[in-house]
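Okay, structure first, notes after.
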Amino acid sequence: MTDDTTAGPTGDWSGWRAAAEAALYGPEGFYRREGPAGHFRTSVHASPLFAEAVARLLCRIDEALGRPARLDFVDMAAGRGELATGVLAALPADLAARTRAYAVEIADRPEGLDQRIEWLTGPPKNITGLLFANEWLDNVPVEIAETDSSGVPRKVLVRRDGRERLGDPVAGAEAEWLDRWWPLPPEEGLRAEIGLPRDEAWASAVAAVERGLAVAVDYTHTATSRPLFGTLTGFREGRETAPVPDGSCDLTAHVALDACALPGGRVLTQRDALRALGLAGARPPLTLASTRPAEYVRALARAGEAAELTAVGGLGDFGWLLQPVGLSAGLPDAPLDGPLADLLVDVPDHEEQ
């Protein structure tokens with residue numbers, strides 16, 4: 001049995017990678033028609049505090065780079081440009097004037113988008129600054145493997161209507177990836193997502209950075225906690241749904257960020273990253289309610305949004321993969337010894353500049 005057919009309207013069988021690629025990015029694909037905000041809630045959509053934190057990170061990278069004449073901010077899988085828009089709005093005026101913002105997305109440029117944001121289908125070259133990929137890698141299609149009755153990992157084939165069957169045994173580079181990063185016990189029905197295309201996509205994105213930092217933020221799991229039955233799922237209009245590769249829903253699977261990491265990279269939780277960037281969910285003092293009630297209400301709302309972004313069991317559990325490139329000070333080209341706070345040591349927040 002082979003799995004190199006395409007999952008078209010005739011109901012042909014294919015591997016999940018080809019099926020998801022067509023369903024998400026083909027001529028009538030989900031992401032050519034739809035914006036993410038209408039179907040699932042990301043940190044970008046949860047609160048403007050997320051863009052403010054990313055802007056603070058960009059300010060600190062600017063400082064580590066010696067305040068170059070041009071600083072790049074690249075928003076991978078930009079949706080409708082919400083993050084790039086929020087980051088530009090949060091930057092101090094002098095830095096905003098030096099920043100070139102890029103939104104990378106396959107869909108057409110939205111009407112009314114800030115003209116300072118350049119709309120691209122792939123990242124620019126020779127980036128000096130920050131490449132930020134929020135929930136991009138989870139939408140890079142991958143093959144699904146499942147163990148058969150003999151305990152052999154086989155590729156899962158799928159039709160456009162979502163029906164599945166097992167194909168050939170996993171072999172070659174994909175088998176090597178499974179053995180290293182997600183070894184499946186010989187028990188029938190266990191599943192894994194073969195993350196090799198994501199490793200390659202991330203390496204390609206990082207290669208576009210000449211000096212600065214690349215960050216991938218996503219649902220993640222590590223080698224010590226891979227899920228036994230995989231994570232492939234679908235989202236439609238804000239609800240989780242069965243993953244059917246017919247173009248009607250988003251198709252996503254959690255990311256093995258530890259496998260994606262290149263030398264010098266480090267994975268930490270969004271909770272730790274945002275706290276290191278000054279974002280906390282602490283309630284304002286109650287005394288403020290009686291002395292300055294309007295300010296108290298605003299502070300309480302911000303605290304609630306910060307709590308959502310850093311929540312245990314929620315957005316706070318997302319992984320941040322930090323990949324420094326070509327930096328000798330502030331953001332070293334070496335394994336990071338501490339949390340993000342160590343990465344940004346002795347660099348002032350932009351409010352202090």
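These numbers come from a predicted model, not from an experiment.
Under the 3.5 Å distance criterion, the side-chain polar atoms of E240 are left unmatched by any main-chain donor or acceptor of T233. Here the side chain of R56 pairs a donor or acceptor atom with the backbone of L277 at under 3.5 angstrom.
Judged as a salt bridge (charged side-chain N to carboxylate O under 4.0 Å, His left out), the pairs with a partner in residues 111-124 (not counting sequence neighbours) are, in order, R100-E118, D114-R116. For residues 236-272, the pairs satisfying ring-ring contact (aromatic ring centres under 6.0 Å, His included) are Y219-H254, with sequence neighbours left out.
Between E146 and R191 there is a salt bridge, since a side-chain N of the basic residue sits under 4.0 Å from a carboxylate O of the acidic one.
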Indicate every side-chain donor-acceptor pair of residues 122-129 with a distance under 3.5 Å to a residue at least two apart or in another chain.
none

Exercise answer: donor-acceptor pairs, residues 175-186 side-chain atoms, under 3.5 Å, sequence neighbours excluded:
residue : atom : partner : partner atom : Å
W177    : NE1  : D199    : OD2          : 2.8

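A donor-acceptor pair shorter than 3.5 Å cannot be found between the side chains of E193 and W16. Of the N and O atoms on the side chains of D75 and Y102, not one donor lies less than 3.5 Å from an acceptor on the other residue. Of the N and O atoms on the side chains of T147 and E187, not one donor lies less than 3.5 Å from an acceptor on the other residue.
Every residue two or more places apart in sequence or in another chain that forms a side-chain hydrogen bond (donor to acceptor under 3.5 Å, both in side chains) with Q270 is listed here: S43, W320. Considering only residues two or more places apart in sequence or on other chains, T99 meets the side-chain contact (heavy atoms from CB on, under 4.5 Å) condition with L58, L71, F73, L88, L91, L95. By the side-chain hydrogen bond (donor to acceptor under 3.5 Å, both in side chains) test, S149 is found to be paired with no residue, residues two or more places apart in sequence or in another chain being considered. Judged as a side-chain hydrogen bond (donor to acceptor under 3.5 Å, both in side chains), and not counting sequence neighbours, W202 has no contacts. In terms of the side-chain hydrogen bond (donor to acceptor under 3.5 Å, both in side chains) criterion, residue partners of D72 (sequence neighbours excluded) are, by chain and number, R70. Qualifying side-chain contact (heavy atoms from CB on, under 4.5 Å) partners for L113, counting only residues two or more places apart in sequence or in other chains: T85, R109, P110, I117, W119. Remark: E188 engages no residue in a salt bridge (charged side-chain N to carboxylate O under 4.0 Å, His left out) (not counting sequence neighbours). Residues satisfying the salt bridge (charged side-chain N to carboxylate O under 4.0 Å, His left out) test with D246, not counting sequence neighbours, are none.
Using a 4.5 Å cut-off on side-chain heavy atoms (C-beta onward), I144 and L232 make contact.
Criterion: ILVMFWY side-chain heavy atoms under 4.5 Å apart, direct or through other members. Under it, I194 and W136 are not part of a common hydrophobic cluster.
The nearest pair of heavy atoms linking P263 to Q323 is O-NE2, 3.1 Å.
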